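I have placed the structure first, in the form of structure tokens, so that the comments after it can refer back to it.
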Amino acid sequence: MLEVRNLSVNYGQHQALAQVSLTVAPGEIVAILGANGAGKSTLLRAIAGICSGRSSGNVTMALAPILGLSPDRIVEQGIALVPEGRGIFGDLTVRENLMLGAYANRARDQERVNFDRVIGLFPKLAERLSQTARTMSGGEQQMVAIGRAMMSNPRVLMLDEPSLGLSPLLCKDLFRSLSQVQKTGIGILLVEQNAKQSLAIADRGYLLENAHIMHQDSAANLACDPMVQKAYLGVAAPAPAALSSTLPSVPATATDAAAIAAAALAGFAATSRQSTADVPPVPLARPAPSSAPSADALIGMSVADLVARTARQSARPATKTATTQPVSVASHDDRLRAVLNEIENAAARARNQGQTRRAETTSIRKGY
Ligand code: ATP
């Protein structure tokens, strides 16, 4: 339905998009992932006809060329944009904002149907129709912005960072709403920093890097792609196979920094013993298993002491007998690095859990 072919955009000498091609089919959610400045907003703005840069290439909607048309004529072709920052009229009421969206000729006959559809999607708006838009919460304003775009009776809805500034709970609601919009047959082109949630609802995705589409695939494949995980999903690069298979992970429930470090250090001691046993046939004289600390024994130590202790263990040379060989220092360094990665990951998990809890508490207090 929407087809972009070799779209390039220049702001003066700066090329913000280079030969970008993509498609959005009816009832399909397509996610665009990319770092800051990659050209994501430029892409949506160029399609919507509101980009101040110089555009070239081909954009068609249901085979009709739209690149170069005025923004209102592009809306008439069935394309609606919810811009970054929402772009609603703060001094107008919710109802007035929604009705402004119905100005397109294609929407006039459908005004009642579209209005009912918007209220069906966002029942909260029904109670707030007379409320001034600026007095609404961020999540409610986002509903108004999407509702207004839906009032233009679009065939493709484009959204630029719709979850920006929303609490995790409201984000969930938003993404659920987008899945509902999709079920009405509208195609969705979604630019989102929240790659995890956008890939969870999307059918396909494109990676936009430095103005170029670098990769495209099904959303499911992208979500499993280690490069995507590292760049967009905040998942640390996996430890080397030999290490990751032997390194016990810190329990997901550990949220206290000292407990996280203690569990990781206990895991380190265990893997040190295990790797020693793994060097047949040469026996290594290592501390007896009973001397290895358990997590319980370590809890209570400060994180700094725990990390220092881990470092000492890593650096401690293996005691040699005439027939022994030292455990390679590199492998100790690798294990130490893996343990520290594990601590970092667990600490990030703990931080996220804390943030989620705080946001949920705030949302509950606000009555969402
Ligand atoms: P972000 O995620 O930070 O919003 P983005 O991927 O949406 O980034 P764009 O806003 O499309 O990126 O910007 C792409 C590049 O084009 C950036 O280098 C930006 O500085 C530049 N750019 C965007 N708009 C203009 C403009 N009006 N004039 C000049 N340069 C611009």
Side-chain angles (χ1 to χ4, degrees), residues 2-24 29-59 66-71 74-75 79-88 138-139 141-142 145-146 149 156-168 170-171 174-175 178 187-202 204-217 219 222-223 225 227-235:
L2 174 66
E3 191 164 357
V4 176
R5 284 277 162 257
N6 301 323
L7 177 63
S8 297
V9 174
N10 279 67
Y11 296 106
Q13 294 299 308
H14 177 69
Q15 185 163 42
L17 281 186
Q19 305 277 313
V20 165
S21 297
L22 59 84
T23 57
V24 182
I29 298 183
V30 174
I32 306 288
L33 306 182
N36 292 126
K40 306 179 298 295
S41 299
T42 297
L43 170 65
L44 299 194
R45 294 174 71 83
I47 296 170
I50 56 168
C51 180
S52 58
R54 191 164 29 84
S55 308
S56 63
N58 264 307
V59 182
I66 59 167
L67 191 64
L69 296 186
S70 60
I74 291 174
V75 171
I79 296 179
L81 170 66
V82 179
E84 189 173 347
R86 299 166 194 141
I88 61 173
Q141 289 188 19
Q142 193 57 269
I146 296 174
V156 171
L157 182 63
M158 304 193 293
L159 301 109
D160 196 351
E161 307 282 9
S163 78
L164 213 63
L166 301 189
S167 72
L170 288 179
C171 270
L174 170 75
F175 283 97
L178 294 182
I188 296 179
L189 184 55
L190 177 61
V191 161
E192 250 299 330
Q193 291 279 351
N194 191 333
K196 187 172 175 194
Q197 279 186 311
S198 51
L199 286 178
I201 62 162
R204 292 185 300 114
Y206 294 82
L207 306 188
L208 185 61
E209 286 172 24
N210 291 324
H212 295 83
I213 295 284
M214 301 304 284
H215 186 46
Q216 59 169 302
D217 207 335
L222 288 175
D225 185 319
M227 286 300 295
V228 174
Q229 291 187 337
K230 187 159 178 261
Y232 302 107
L233 299 174
V235 179

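Bear in mind the structure is a predicted one, so any value in this text is a computation, not a measurement. Remember, it's 1-based here, ligands and their atoms both numbered in the order they're listed.
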For each nitrogen or oxygen atom of ligand 1, which protein N/O atoms lie closer than 3.5 Å, and how far apart are they, rounded to 0.1 Å?
unit_1	atom_1	unit_2	atom_2	d
ligand 1	2 (O)	N36	ND2	3.2
ligand 1	2 (O)	K40	NZ	2.8
ligand 1	3 (O)	N36	ND2	3.0
ligand 1	6 (O)	A38	N	3.1
ligand 1	6 (O)	G39	N	2.9
ligand 1	6 (O)	K40	N	2.9
ligand 1	6 (O)	K40	NZ	2.9
ligand 1	7 (O)	S41	N	2.8
ligand 1	7 (O)	S41	OG	2.8
ligand 1	8 (O)	G37	N	2.7
ligand 1	11 (O)	T42	N	2.9
ligand 1	11 (O)	T42	OG1	2.5
ligand 1	12 (O)	G39	N	3.3
ligand 1	18 (O)	H14	NE2	3.2
ligand 1	24 (N)	Y11	OH	3.4
ligand 1	27 (N)	S52	OG	3.4

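Every side-chain contact (heavy atoms from CB on, under 4.5 Å) that A223 has, sequence neighbours left out, goes to L199.
In this structure, CG in L190 is found 8.5 Å from CD in E161, a value given to the nearest 0.5 Å. Atoms CG and CD, from L164 and E192 in turn, are 8.0 Å apart once rounded to the nearest 0.5 Å.
Sorted by first and then second residue, the salt bridge (Lys or Arg N to Asp or Glu O under 4.0 Å) pairs with a member in residues 3-21 read E3-R5; sequence neighbours excluded.
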Please tabulate, for the side chains in residues 36-49, all donor-acceptor contacts under 3.5 angstrom to protein atoms that are two or more places apart in sequence or on a different chain.
unit_1	atom_1	unit_2	atom_2	d
K40	NZ	G34	O	3.1
K40	NZ	A35	O	2.8
S41	OG	D160	OD2	2.8
T42	OG1	Y11	OH	2.9
R45	NH2	I50	O	3.4

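In N6, the CG atom is crowded: over 12 heavy atoms of neighbouring residues, nucleotides or ligands sit closer than 6.0 Å.
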